[in-house]
Structure formats: C-alpha cells, structure tokens
Trainee: 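After the structure tokens below, expect a handful of questions from me.
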There are 2 protein chains.
Amino acid sequence: MTKSFDAYEKISVATDVVILTSDEVETNNPRMSAPKGLKVLLVKRDEEPFNGEWSLPGGFVDVNVGIEQAARNKVAQKTGVENLYMEQLYTYGNELDRDPRGRVISIAYLALLNKENIQQNTDSNTKESQWFWVMIKNGQLLYSTDGKGYYLIDNLKIAFDHKQILQDALERLKNKVLYTDVAFQLLPELFTMRELQDIFELLHGKTIYSFRRFIESKVEETELISDGKAHRPAKLYRRR
Amino acid sequence: MTKSFDAYEKISVATDVVILTSDEVETNNPRMSAPKGLKVLLVKRDEEPFNGEWSLPGGFVDVNVGIEQAARNKVAQKTGVENLYMEQLYTYGNELDRDPRGRVISIAYLALLNKENIQQNTDSNTKESQWFWVMIKNGQLLYSTDGKGYYLIDNLKIAFDHKQILQDALERLKNKVLYTDVAFQLLPELFTMRELQDIFELLHGKTIYSFRRFIESKVEETELISDGKAHRPAKLYRRR
DNA sequence: ATAATAGTGTCTCTAAGACATTATGCG
DNA sequence: CGCATAATGTCTTAGAGACACTATTAT
C-alpha cells in the first residue's frame, strides 16, 4: 500500500503572487481630492498556453529555493522591492489540468507594498506588465484601467485559474484588514485618514461609518498636513 | 531569465492531515458526567527518517490525484470515513531540508469527523496509530493519552515539522469555531450544550460565559434528553 | 437532602452602525 | 461666500464578559 519515496512521480511546483499596492486616481479638478485605489500587477503572457492573456506574476519553484523565497524573488524581479509584507494564500492543485503543459500545483502568495518603494524598469525580461485597479462591489470583483470606469473581471482575459486566485486574495485581504494591521503595508509612512479609509471601503464595497473611531488606536497623529486642494486640509498620520 | 516548463526539476509533493474528532473521557463516577475532549490521530513511523516517532497521517501526492483528494484518500484509509469536512490549512515548504530524503513540500489539511462514523481496522497497512487527546492551555499545545493528565507537546516525539502543523491546525480551528459552524463537524447529529461548549473551551483554554446565548441561533432543541447521570439531564440539540 | 449539572436572568461594558454638527482652507 | 472635505459628537443597538439564581435528576 505504501510506496517508497522514490516510487512517486514528482510534480511541477509554481508560485503565483498577487502584488497589491494603493495609488491615487488622477483628477484634474482642483476642488476634489484624488481618491485612493487598489492596484494589482498583471503580466501579459507571451507564450502558450494562454498566449496574450493576463496572468499573475509567478513561475516555477526551483528545487533549491524555498517556496516563499521563490515568491519573494518574483516580486523583487517585477517591482524591485526586497522587503515587503507577504503571506501565503492558498495552494491550488485540485484540478489535474490547471496547466495544459502538465501537472502543476501552485502556491499563491499575497504581497502588499507601498508604491513609493516600487522601482521602475527593474524587470530584466521583456514581458509587458500593467497595474490594474481592482475593487469589490456587491461581492463582485471589478477592474479598471484608469481608476474611473470599473468593469466585471470576467471581461478581462485572465490565464489559468488566476482570476480565482485574485478573487481569493482580495477576499482574504478584505477580512484581514479588520483584525490585523496589514492595511498599512499598502501605504507610505505618512497618510491621511481618507487614504486609509478608502482602502477599507474599496475592499468592503461600502462606506464605513466612524472609521476614525475604529482606527484611532492603531495610528498616531503628526504635525504635518496634506495641503493643496480647495478644501480643509487633512492631518497626516503614521502607524502607531 | 525565464526558463521553460521542462527546465525545472520537479519536486516531491505530500499531504499531511490533522484528523480531529471529539470523544468523551472515561469516568466511573456516577455523579459526574463524562467531559468531552478533542482527539487527533497520529501514526507511528516504522521506517527512516524519524523511525519510531509519531507523525500525522499523510503521504506523497500521486501525479494523477488532486491534492485535496489525496488527503481525503488518506483519511478514508485511516478512518473509513468518506464524506467529511476538510479544509486546506497551509503549505509547508520554506525549509529545503524538512525531509532528509530530499526536497518535499507538504500541503496540510484539517479534517473534522464525528467519531460515530469512524470504522475500526480499516487501515490495510500495519502501521500503529493512536488517538491522542489535545488541548490549548495558556497558548500552549498539550496532549494526553488518557484524557486526564495533559503534558506539553514537546514531551512527545513528533516527526518532521508535524508538531508545528498540529499547532497551526488547532490555532486555525480555535479561531474558526467562532465565526463558522465547523464545530458541529466534530459531534454526532445530536449533542448536549455541554458537549459543544467543551469543544469551544478546550480550544480557547478558558471558560466561555453565556455560551447558550452565543450559540442559540445555530442550534435547535429536540425532545430528546441525555439521561443516566445523577444530576439534571440535558436536552439534546441538533445543528440548525 | 444533596451533589452535580442544566438552564435562565441580569447588569455592565465595549464596539459598531448611522448620522448630525462643526471646522477649515482655497477658488 | 460657498464648495468640498476634515474632524468631532451623539444616539442607538448588538454582543460579550461576569456572575447570580432557579430547576432537575439519581444517589
């Protein structure tokens, strides 16, 4: 019944990383402030299978590299960021034909980073990559290329089961911001209440009342102020 | 930079399953009722590495079997139970030398079952297996062979990183019983409030006040009664 | 009667939902 | 000034913690 170690055919192991950051959507109205959005990094595949479709950054795990390290290496390659918050999401491998090339299981990670740390042009390979805005509304995952018009994620061609992974990632983050401090990983050191609140509201798809009261124990006020717009300026806060 | 599919050495993939059930601890006092405990199934290794130590039921994933199915097969082999609650816990694979035989990553599952469904002697192989009582007290994982004297888990010889997996499993269950209905999976269809409460209290290592109030929306009363002991009998409930 | 547990009631405290009110700076 | 947003205050409700009190059976 029990076969020995070497009797088992080995399996291809991959990691895929949902890399998220927050950024402000462009506005040219000097009265309105720029709303914050959540962005995920996708890369366009340039080979079969799913040639031309969008996919999560990822790749196969080398037999001499730990699984989380493999994911970190991929993030470093795509964004230049070395130290960042990362957590394991889930391992996908129930379907034998997830990947038409052969049996592949994939360990998905969630990586959160502050956009100020992102390096441009660090990727030594030539694959096209793009940040897409994402949000959850009525339990549905929406995406946008400009932060204004949001569409159902099904309208975007996404390779493998990566749509599911992305969905699972946002669902996890949605829950986790409520009982951990992960949300701060998405922002620079200094931020306004509104910027932080926008992240929570995007994930939950609804306005959060009395957000200040909810978050106040986790932040501390600074003397600095976010100025420039035609309305009352906001104090800047940092994580406590 | 990007190597092709076949350029990667494949990796051994295993699953390990934390199989839990609840059972009552023997008492011969006709006045006291039998307290409920949590039990985990461990198997004694009969080969290197870690020969003679206890380990979680598990094994390598066949290239033609889905990862969850592999875990389900293992549970069926050890307990005879085919339909049961199971969820993926975490994938262990950061350390390259988790297994001295070679690079192995392991996907851990949590399986919950009602002891009434367990078949005896279903295991066709000859490995010795044993149910150990477990509980969390002051954040520490304790085990017992008789449900009475509990000891630090470090006093038990456990193979690989399976102690960590077991710890992670109980931590997950501890949190999950609070916001899901998974606890019912550990009990027969009919149970008393005290049996259910015992499970919650074992996991949290403290008494839970007003447990009825907390759980009442999830259960429904039956006309049946748990009799036999020298004190007020308890109504039996079922999951709503 | 009494040991031992089942089951109910109540008081307090904290956190969240919903929203009204006041403050501030630029165009 | 008034638009747009920041920041504070308040009323209500839901739930958890802690514990007192009453009910019921076999010995």
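Residue numbers start from 1 in every chain, and the chains themselves are labelled A, B, ... in the order their sequence lines are given, proteins ahead of strands. What you see is a predicted model; the values in this text were computed from it and never measured.
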Trainee: Given side chains that start at C-beta, do those of A:L56 and A:V17 come closer than 4.5 Å, heavy atoms only?
Mentor: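 SC-SC contact between A:L56 and A:V17 ruled out.
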Trainee: Sequence neighbours excluded and cut-off under 3.5 Å, please list the side-chain donor-acceptor pairs for residues 134-144 of chain A, or say none.
Mentor:
{"residue": "A:S144", "atom": "OG", "partner": "A:D146", "partner atom": "N", "Å": "3.1"}
{"residue": "A:S144", "atom": "OG", "partner": "A:D146", "partner atom": "OD1", "Å": "3.0"}
{"residue": "A:S144", "atom": "OG", "partner": "A:G147", "partner atom": "N", "Å": "2.7"}
{"residue": "A:S144", "atom": "OG", "partner": "A:K148", "partner atom": "N", "Å": "3.4"}
{"residue": "A:S144", "atom": "OG", "partner": "A:G149", "partner atom": "O", "Å": "3.0"}

Trainee: Can you name the closest pair of heavy atoms from B:Q88 and B:I67 and give their distance?
Mentor: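 Heavy atoms only, the tightest pair is OE1-CD1, 4.0 Å.
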Trainee: Roughly how far apart are A:K127 NZ and A:K78 NZ, rounded to 0.5 Å?
Mentor: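 So the NZ of A:K127 and the NZ of A:K78 are separated by 6.0 Å.
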Trainee: If a stem is a run of at least 3 consecutive Watson-Crick or G-U pairs, both distances under 3.5 Å, which stems include DNA chain D?
Mentor: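 DNA chain D forms these stems: C:1-27 with D:1-27.
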Trainee: Identify every side-chain donor-acceptor pair in residues 228-236 of chain A under 3.5 Å, counting partners at least two apart or on other chains, and give the distances.
Mentor:
{"residue": "A:K229", "atom": "NZ", "partner": "A:N29", "partner atom": "O", "Å": "3.2"}
{"residue": "A:K229", "atom": "NZ", "partner": "A:M32", "partner atom": "O", "Å": "3.1"}
{"residue": "A:K235", "atom": "NZ", "partner": "A:E221", "partner atom": "OE2", "Å": "3.4"}

Trainee: In the structure I gave you, are the side-chain heavy atoms of A:K36 and A:L187 within less than 4.5 Å of one another anywhere?
Mentor: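 With C-beta onward as the side chain, the pair touches.
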Trainee: What string of B, S and - do you get for nucleotides 10-15 of chain C, 5' to 3', when a contact is any protein heavy atom under 4.0 Å?
Mentor: B-----
Trainee: Output side-chain donor-acceptor pairs under 3.5 Å for residues 178-186 of chain A, partner residues at least two apart or in another chain, one line each.
Mentor:
{"residue": "A:T180", "atom": "OG1", "partner": "A:K176", "partner atom": "O", "Å": "2.6"}
{"residue": "A:T180", "atom": "OG1", "partner": "A:V182", "partner atom": "N", "Å": "3.3"}

Trainee: Which residues pass the side chain to side chain contact (heavy atoms under 4.5 Å, CB included) test with B:T207, not counting sequence neighbours?
Mentor: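 Partners of B:T207 under the side chain to side chain contact (heavy atoms under 4.5 Å, CB included) test: B:E201, B:Y209.
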Trainee: Name the residue closer to the 5' end of DNA chain C, choosing between B:E221 and A:P30 according to the nucleotide with the nearest heavy atom.
Mentor: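 This one resolves to B:E221.
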Trainee: Can you name the ring-ring contact (aromatic ring centres under 6.0 Å, His included) partners of A:F200, sequence neighbours left out?
Mentor: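 By the ring-ring contact (aromatic ring centres under 6.0 Å, His included) rule, A:F200 matches A:F211, A:F214.
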Trainee: Any heavy-atom pair between the side chains of A:T79 and A:T21 that's under 4.5 Å?
Mentor: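 Heavy-atom side-chain distance check fails, nothing below 4.5 Å.
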Trainee: Short of 4.0 Å, heavy atom to strand atom, which residues of residues 173-187 of chain B count as contacting DNA chain C?
Mentor: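 Residues of residues 173-187 of chain B that come under 4.0 Å of DNA chain C do not exist, since none gets that close.
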Trainee: Taking only N/O atoms, report every protein-nucleotides 3-7 of chain D pair under 3.5 Å with atom names and distance.
Mentor:
{"residue": "D:dC3", "atom": "O2", "partner": "A:R31", "partner atom": "NH2", "Å": "3.1"}
{"residue": "D:dA6", "atom": "N3", "partner": "A:R232", "partner atom": "NH1", "Å": "3.0"}
{"residue": "D:dA7", "atom": "OP1", "partner": "A:K235", "partner atom": "N", "Å": "2.8"}
{"residue": "D:dA7", "atom": "OP2", "partner": "A:R212", "partner atom": "NH2", "Å": "2.6"}
{"residue": "D:dA7", "atom": "O5'", "partner": "A:R212", "partner atom": "NH2", "Å": "2.9"}

Trainee: Measure CD/B:E216 against C1'/C:dG9 and give the value in whole Å, please.
Mentor: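 Roughly 12 Å, once rounded to whole Å.
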Trainee: Is the closest side-chain heavy-atom distance between B:L89 and B:Y109 below 4.5 Å?
Mentor: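 No. Closest side-chain heavy atoms not under 4.5 Å.
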Trainee: Just so I know, are the side chains of A:L156 and A:Y151 near enough to count as touching, which here means a heavy-atom distance under 4.5 Å?
Mentor: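 The answer is no; the side chains never approach within 4.5 Å.
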Trainee: Can you find a heavy atom in the side chain of B:T145 that is under 4.5 Å from one in the side chain of B:Q130?
Mentor: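 Yes - at least one pair of side-chain heavy atoms lies under 4.5 Å apart.
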Trainee: Check side chain to side chain contact (heavy atoms under 4.5 Å, CB included) between B:R72 and all other residues, then give those that pass, not counting sequence neighbours.
Mentor: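 Partners of B:R72 by the side chain to side chain contact (heavy atoms under 4.5 Å, CB included) criterion, ordered by chain and then number, come out as B:E68, B:Q69, B:L84, B:M86.
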Trainee: Kindly state which residues belonging to residues 196-208 of chain B come within less than 4.0 angstrom of DNA chain C, counting heavy atoms of the residue only, listed by number.
Mentor: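 Contacting residues: none.
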Trainee: Who passes ring-ring contact (aromatic ring centres under 6.0 Å, His included) against A:W54, sequence neighbours left out?
Mentor: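 Expected list: A:F132.
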Trainee: Check whether any side-chain N or O of B:Y209 sits under 4.0 Å from OP1 or OP2 of D:dA16, and answer yes or no.
Mentor: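 Checking B:Y209 against D:dA16: no side-chain N or O falls below 4.0 Å of OP1 or OP2.
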